[in-house]
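These numbers were taken from a predicted model, which means no experiment stands behind them. For the numbers below, each heavy atom of this structure counts, side chains included, while hydrogens, waters and symmetry mates do not.
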Amino acid sequence: MMHTLLVTIRFAAFFLSTLGYVSTAKRYTKVDSKLIWIMVFAGNILVLYFAAYFKLLNLAANVMFGIGLLLFLVELFLYFKYPHGRIPIQLHYLWLAFYGIMLGTTLLSSHLEHYDNFSHWAVIVKFLYTQGRLPGASDTIISFTSYPMGSSLFIYYVTHIVGFQAGIMLFAQFILLFSCMVSMFAVIRDESRALITMMMCTMITIFNYFNIAIRMNNLLVDFLIPMLTIAAISGIYRYRHQIGLMTLHAAMLGAVIGMVKNNGIIFSVIVIGYYAYEIFYNSKTAKAIIKSIISLIVMIAETLIPIMIWNYHVKSTFKASKHEVSVKSYETIFGDKSAHTIHSIIHHYLTSIFSFSSLSTRGIILVNLILLITFFIIRYRIKHKTSALKALIAIDITIILYYVGILLMFLVSMPTAEALQLAGFERYASSIVILALGVTAMVLAREFDASLYEQNIMLRNYRSYKTITTKKTYQYTSMGLIFVATLMALSENNGIRYNEKLYNKTEPYRVENMTGNRMKLNRTRYLIVSTDAADVNSYMTAYVGKYYLFSPNVDAKEFFVMDDDQFVALLKGYDKVVILKRHFTFNAMTQKIYHKKYGPGIYSTKQILDQKTFVKDTNN
């Protein structure tokens with residue numbers, strides 16, 4: 001109870017600190033209120049990112065948090081001295097509050113399960129939290145040393161203020177995602193139109209369907225990257241007539257996207273491309289074109305410099321780095337593939353993307369159908385001009401280029417065995433599908449608004465309809481979208497809760513229940529004895545052990561049928577043995593050699609080898 005109260009107080013302090021930055025920016029700048037949250041979070045990431053190079057991570061986090069609280073107190077004073085008018089509460093704000101509170105509460109009580117959480121994403125946050133610095137060459141617990149810090153720095157920041165546990169990490173990432181969802185509404189001209197706003201809410205819940213390979217109850221970034229890109233595109237459109245704000249917003253988000261993961265640079269390029277389109281679209285004079293060119297150069301530099309610094313850091317810090325962006329490593333991996341292997345990968349890839357059973361393919365078809373139907377209805381039924389077809393062509397070209405990029409990744413940077421299986425294809429493809437859906441939602445919002453009978457926002461009211469029939473159609477459609485959005489939100493929440501109920505049957509649960517979550521980095525050599533052959537063979541158990549025991553020297557084994565000397569030699573290679581469940585073959589060997597059997601626990605191998613009584617290790 002005391003722990004829950006403390007976490008609540010710390011969360012409130014974090015929120016108030018963030019609110020200090022948000023309120024100050026709203027008071028003294030022209031930043032859109034729906035975009036300011038993601039800009040503040042992007043600012044948090046960038047400050048921590050550069051501070052980390054100077055070994056000032058914890059200091060920067062504390063100072064940033066403290067300044068935010070001071071700003072909040074100043075804004076609170078100014079608010080009471082110069083009170084503002086009431087902010088009108090729209091239906092979609094209430095729905096977003098429902099969605100955020102529901103999923104946020106669920107994630108706060110969730111545990112980590114996904115393989116990649118334990119191979120990298122949760123491990124790097126734990127490392128930043130406990131060590132307060134970037135990993136070096138000697139920190140072998142970090143396997144994917146070329147992965148940029150990006151969102152991990154924000155999650156570190158939240159845990160640094162609130163506390164370290166799985167639910168808090170998941171909630172921290174959800175804050176980022178939710179701020180991106182809110183930013184989508186910045187493209188809406190008239191927020192009083194329920195049809196438009198609830199269409200946007202419905203699309204947010206549709207993301208969850210195409211995000212099923214990633215889901216929000218893990219720290220993987222394949223959903224976060226397209227959401228950040230959507231937020232960037234929304235801001236560029238919103239600030240298209242304010243070149244300063246547009247450049248700042250695009251550069252900050254573009255830089256953060258590239259810092260989240262190596263392939264994030266693809267989405268940064270998409271942001272740069274759309275920024276270039278908007279900035280040159282309204283440049284009619286030579287002076288304006290020169291100004292646009294300078295702005296584009298500045299924006300590109302600000303976007304790419306952080307990731308360039310990171311790549312230099314990786315090359316200068318680590319001799320060899322897993323998934324490093326390197327021509328030499330790509331040549332080596334590609335050279336290992338024969339012509340027959342390359343043909344098999346391409347054939348398998350094309351078969352997958354043209355199969356209707358592929359979730360990502362169905363998503364692409366959905367995007368095309370929505371925009372084509374929208375185009376024909378507005379152009380030929382309502383007889384208005386529409387840019388839906390132009391937007392669709394741009395989206396399809398982007399998807400094609402991205403799919404070519406995925407194929408090149410399988411051929412050039414992925415080991416042969418994984419490439420032949422198209423490992424992670426749906427996860428990678430879902431990112432571009434989610435981006436396409438997000439852009440589609442924003443296009444629809446603008447097209448719907450431009451097609452409404454009354455174009456003057458000040459004149460819109462309950463009578464602003466062409467006929468009674470169109471009014472009823474509008475109202476029924478809006479109510480239907482509210483129902484669908486709510487139903488799909490509940491479905492996603494129930495899905496996460498259902499998975500959480502099964503947590504006690506997973507290998508992460510068994511390891512965590514046995515070892516606890518150790519927070520002191522150590523080099524103790526552990527052997528985990530597991531009865532789950534699948535998780536052992538996939539290295540899941542070993543990675544889970546490394547995370548919870550916080551040691552790079554953790555191995556897992558399920559098969560112990562061997563010679564006596566081999567068994568003894570195996571034990572000599574470790575300091576401690578972790579037995580998750582009573583293990584038949586392990587006990588058969590210890591019974592044969594030492595005349596003892598052992599149940600679940602953590603034991604010293606020295607005592608085993610000395611044939612003394614096992615003593616369970618209870619140190620956390």
| remark: Nearest heavy-atom contact between Gln173 and Leu220 is NE2-O, 3.0 Å

| query | Side chains of Asp396 and Asn368: do they bring a donor and an acceptor to under 3.5 Å? | reply | yes

| said: As an exercise, state the distance from OG of Ser146 to NZ of Lys261, rounded to the nearest 0.5 Å. | reply: 10.0 Å

| task | Output, in order, the C-alpha distance, side-chain angles, deciding distance and verdict of ring-ring contact (aromatic ring centres under 6.0 Å, His included) for Tyr157 and Phe65. | result | CA-CA 9 Å; Tyr157 178 51; Phe65 172 66; 7.2 Å; no

| field | Modelled atom types, side-chain donor and acceptor of Ser283 and Ser292, under 3.5 Å | value | yes

| query | Does the side chain of Ile38 reach to within under 4.5 Å of the side chain of Leu176, using non-hydrogen atoms? | reply | yes

| request: Take the angle between the ring planes of His120 and Phe144 and call it parallel below 30°, perpendicular above 60°, tilted in between. | output: perpendicular

| query | Of all heavy-atom pairs between Ala436 and Ile399, which one has the smallest distance, and what is that distance? | reply | CB-CD1, 4.1 Å

| After noting the C-alpha distance and the side-chain angles of Phe267 and Tyr402, does the key distance pass the ring-ring contact (aromatic ring centres under 6.0 Å, His included) rule? | CA-CA 9 Å; Phe267 292 84; Tyr402 183 82; 5.5 Å; yes

| field | Point-to-point distance, once rounded to the nearest 0.5 Å, from CG of Leu134 to CG of Leu57 | value | 7.0 Å

| message | Is it true that Ser110 and Asn217 share a donor-acceptor pair across their side chains at a distance under 3.5 Å? | response | no

| message | For His160 and Tyr129, take the angle between the two ring planes, folded into 0 to 90°, and tell me which bin it lands in: parallel under 30, tilted 30 to 60, perpendicular over 60. | response | perpendicular

| said: Side chains of Tyr275 and Thr247: any donor to acceptor distance under 3.5 Å? | reply: yes

| query | Under 3.5 Å, is there a donor-acceptor pair linking the side chains of Ser360 and Tyr403? | reply | yes

| Residue pair Tyr239 / Glu278, side-chain donor-acceptor N/O under 3.5 Å | no

| Arg240 versus Tyr281, side-chain donor and acceptor atoms under 3.5 Å | no

| What distance do Leu71 atom CG and Ser17 atom OG have between them, rounded to the nearest 0.5 Å? | 8.0 Å

| How long is the gap from CE on Met181 to CZ on Phe174, to the nearest 0.5 Å? | 6.0 Å

| said: Are Phe11 and Phe171, when compared by the centres of their aromatic rings, separated by less than 6.0 Å? | reply: yes

| So, are Arg427 and Asp116 salt-bridged, with charged N and O less than 4.0 Å apart? | yes

| message | Is the distance from the ring center of Trp37 to that of Phe178 below 6.0 Å? | response | no

| field | Near-ring test Trp310/His313, centroid separation under 6.0 angstrom | value | yes

| request: Enter the distance from Leu56:CG to Asn62:CG here, rounded to the nearest 0.5 Å. | output: 11.5 Å

| field | Between Thr486 and Trp95: side-chain donor-acceptor atoms closer than 3.5 Å | value | yes

| said: Within the 3.5 Å criterion, strictly below it, is a donor on Thr374 or Glu447 matched to an acceptor on the partner's side chain? | reply: no

| request: Considering non-hydrogen atoms only, spot the tightest contact between Lys34 and Ala186 and give its length. | output: CE-CA, 3.7 Å

| Got a donor-acceptor contact below 3.5 angstrom from the Thr205 side chain to the Met488 backbone? | no

| Closest non-hydrogen atom pair, Leu103 against Met216 | CD1-CE, 3.5 Å

